Amino acid sequence: MKLLKLVFIGVFFHLASVATATTIGYVTNQGSNSVSVLDLDNFQTIDEIKVGLKPAGIVVSPDKTRVYVTNPESKSVSVIDTATNQLVQNLNVGDGPLAIEISPDGLFVYVADWYRHIISVIDTAETKIVNTIKVGHSPAGIVADPLGKVIYVSNRDDNTVMIVDLKSGTPQTTIPVGKAPFGMALSVQRKQLYVANVQDGSVSIIDLQKKKVIVTVKVGLFPYAISYLLKADQLFVTNQRDNTVSVIDLKNYNTVKTIDVGEYPEGIDKHPSEAYVYVANWFDGTISVIDTATLEVSKSIKAGEGTRAYGNFIISK
Amino acid sequence: MKKSVIFILFGLFLLPAITSAHGPTRQKVVKEIEINAEPDKVWGIISDFCSIKNWLPPVTECESDGTNNPDIIRTLTLENGEKLREQLLKHKPEKMMYQYMIDEANVKAVPVSSYGSSISVKSNESGGSIITWKSGFYRGYMNNNPPPELNDEAAVNAISAIYDAGLATIKKLAEQ
């Protein structure tokens, strides 16, 4: 009887915690040197955190306690505590930080340096740089493999993607892709990596076992960043100069819809349930909310000036 | 006394950080002008991609294949002899707008890189028009620590001045 009661209580709390989980978006505002905190369940801004200068890239930690932001203009990374939504540290990282990613265990943050052609590895426990890895020219995107052994880096000025071995700290494979590769996304299920090629308006689909591009899909003008949806088996791609998002069906590798969003869409990320995709529109300072069932914009949320949110910027807690 | 000394020292410490800190940051310019003429008339002045030679003062020549098809190139010659190639991306008469980009940067013509722009005409409440001309771009010098003539401010100032001059001329032509 007692046990039953405990089980009931357990189930109740479990349900309650599911029902009350809030989804929060952390959005870099390049023009206001801040990060907007958005309540995505109620479609409103609830806080604004001052960070470094001209923040662009962003990543949330797997345990949801930290947010890391790159500040290209102040050459630093800002660390935000998500419990208090306060800035806890600024770490100088050097010349051109833009793309940022975190290891699956949360122990390391990777920052791509646009000018020095390196990836800086930050130990998150001590918040200091413990290693640098030489990659190609102007690294623009990083994705960490969930197994934790490698990261994938797009080199914008080399038109390549590198598979970087983390143990040895060296690139082990270089894969030619389209022109000016930038944002990327990964599918573990499909063993594929997706790369937005800014200057030729396409997405390269890399087979990670063959380690080469197997399909190239045409999208809009200046594709910038990609989100992968497991349930729908689709890619959502922001087209910066088309003010659209291309939806690619991965069964046939064709575009099933082109959705009008705000101006200069850049960062893109999904709700953990995959019911919504969120797009940061740089020119408008807004977030477009795409309903993934209807493939239409259902809401627009005002954030700060020059929203970029380049990276993973959504957590549910 | 002590406090003010500390403040001054602190200020001096910050100074070099401020002057040397630069990264690749996209800039934007949006300019609008109200015109006392119907949208059709205003659109007629600007709709042709090469019409820019009629309404942008520093442009002395514009060469293109004469169409407004997507992807065509216009080559502008400026008063100072510099040339600039721009590519038409979209031309939508039904929306009275077109979008284009600089095909190959020439910082001697305009101190910007990776410049994309659109211009559009809409009607205003009093039966006239509003033209909106806007763009996103980077400064002319894409590495760190740009010379002053190729920094963010120079890029924004140059584009702002071009837009002001162009819009004022369009207004004058439309209201004649």
Side-chain angles (χ1 to χ4, degrees), chain A residues 28-31 33 52-57 70-77 90 92-99 111-117 137-138 140 156-157 180 182 198-199 201 220-222 224 239-244 260 263-266 281-285 305-308 310, chain B residues 13-32 70-72 86-92 94-95 97-105 112-120 132-139 141-146 151-153 155-156 159:
Chain A
T28 48
N29 301 312
Q30 184 189 66
N33 301 326
L53 300 177
K54 311 287 181 192
T70 53
N71 306 299
E73 187 104 347
S74 43
K75 307 174 182 177
S76 64
V77 167
N90 278 320
N92 287 327
V93 292
D95 288 342
L98 179 64
V111 181
D113 192 306
W114 185 265
Y115 291 124
R116 292 184 298 159
H117 320 299
H137 287 96
S138 294
R156 200 199 73 146
D157 292 352
F182 218 91
V198 174
Q199 287 174 15
L221 293 169
F222 281 57
Y224 193 81
N239 299 307
Q240 214 181 54
R241 288 196 180 164
D242 255 346
N243 308 329
T244 59
D260 287 326
E263 287 196 56
Y264 271 80
E266 296 207 335
N281 304 302
W282 172 77
F283 210 97
D284 300 347
E305 177 64 31
T307 50
R308 298 199 64 181
Y310 180 51
Chain B
F13 175 74
L14 279 182
L15 204 59
I18 291 164
T19 50
S20 69
H22 276 293
T25 304
R26 198 186 307 112
Q27 309 293 315
K28 72 174 177 183
V29 167
V30 184
K31 294 276 182 178
E32 288 187 341
D71 296 338
I72 67 147
E86 293 182 318
Q87 184 184 0
L88 188 63
L89 299 172
K90 290 179 194 171
H91 191 271
K92 296 187 170 174
E94 71 282 4
K95 288 185 175 171
M97 73 82 76
Y98 52 93
Q99 189 190 348
Y100 62 97
M101 65 181 196
I102 291 181
D103 179 51
E104 216 170 273
V112 295
S113 315
S114 199
Y115 169 94
S117 172
S118 71
I119 189 162
S120 65
T132 308
W133 196 2
K134 56 186 170 187
S135 52
F137 51 86
Y138 289 87
R139 65 181 177 231
Y141 190 81
M142 281 299 273
N143 284 319
N144 257 341
N145 307 319
N151 67 15
D152 289 344
E153 199 186 351
V156 170
I159 297 298

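Atom set for the values below is all heavy atoms of this structure, side chains included, hydrogens, waters and symmetry mates excluded. Please read all numbers here as calculations on a predicted model, not as lab measurements.
Between the side chain of B:Q99 and the main chain of A:R241, a donor-acceptor pair closer than 3.5 Å is present.
Scanning all heavy atoms of the two residues, the minimum distance from B:V29 to A:F283 falls at O-CZ, 4.1 Å.
Among residues two or more places apart in sequence or in another chain, the side chain to side chain donor-acceptor pair (under 3.5 Å) test is passed with A:S76 by A:N71, A:S74. The side-chain contact (heavy atoms from CB on, under 4.5 Å) check on A:V198 picks up A:A180, A:F182, A:F222, with sequence neighbours excluded.
For the atom pair CG of B:N144 and CD of A:E73, the computed distance is 9.0 Å after rounding to the nearest 0.5 Å. Taking CE of B:M142 as the start and CH2 of A:W114 as the end, the distance is 6.5 Å to the nearest 0.5 Å.
Heavy atoms closer than 4.5 Å to chain A are found in both the backbone and the side chain of B:S114. A:Q199 does not touch chain B: none of its heavy atoms, backbone or side chain, sits under 4.5 Å away.
Residues A:K54 and B:R26 form no side-chain contact, since every pair of their non-hydrogen atoms from C-beta on lies 4.5 Å or further apart.
Note on B:Q27, B:K28, B:M101: by heavy-atom pairs under 4.5 Å with chain A, the leading option is B:K28.
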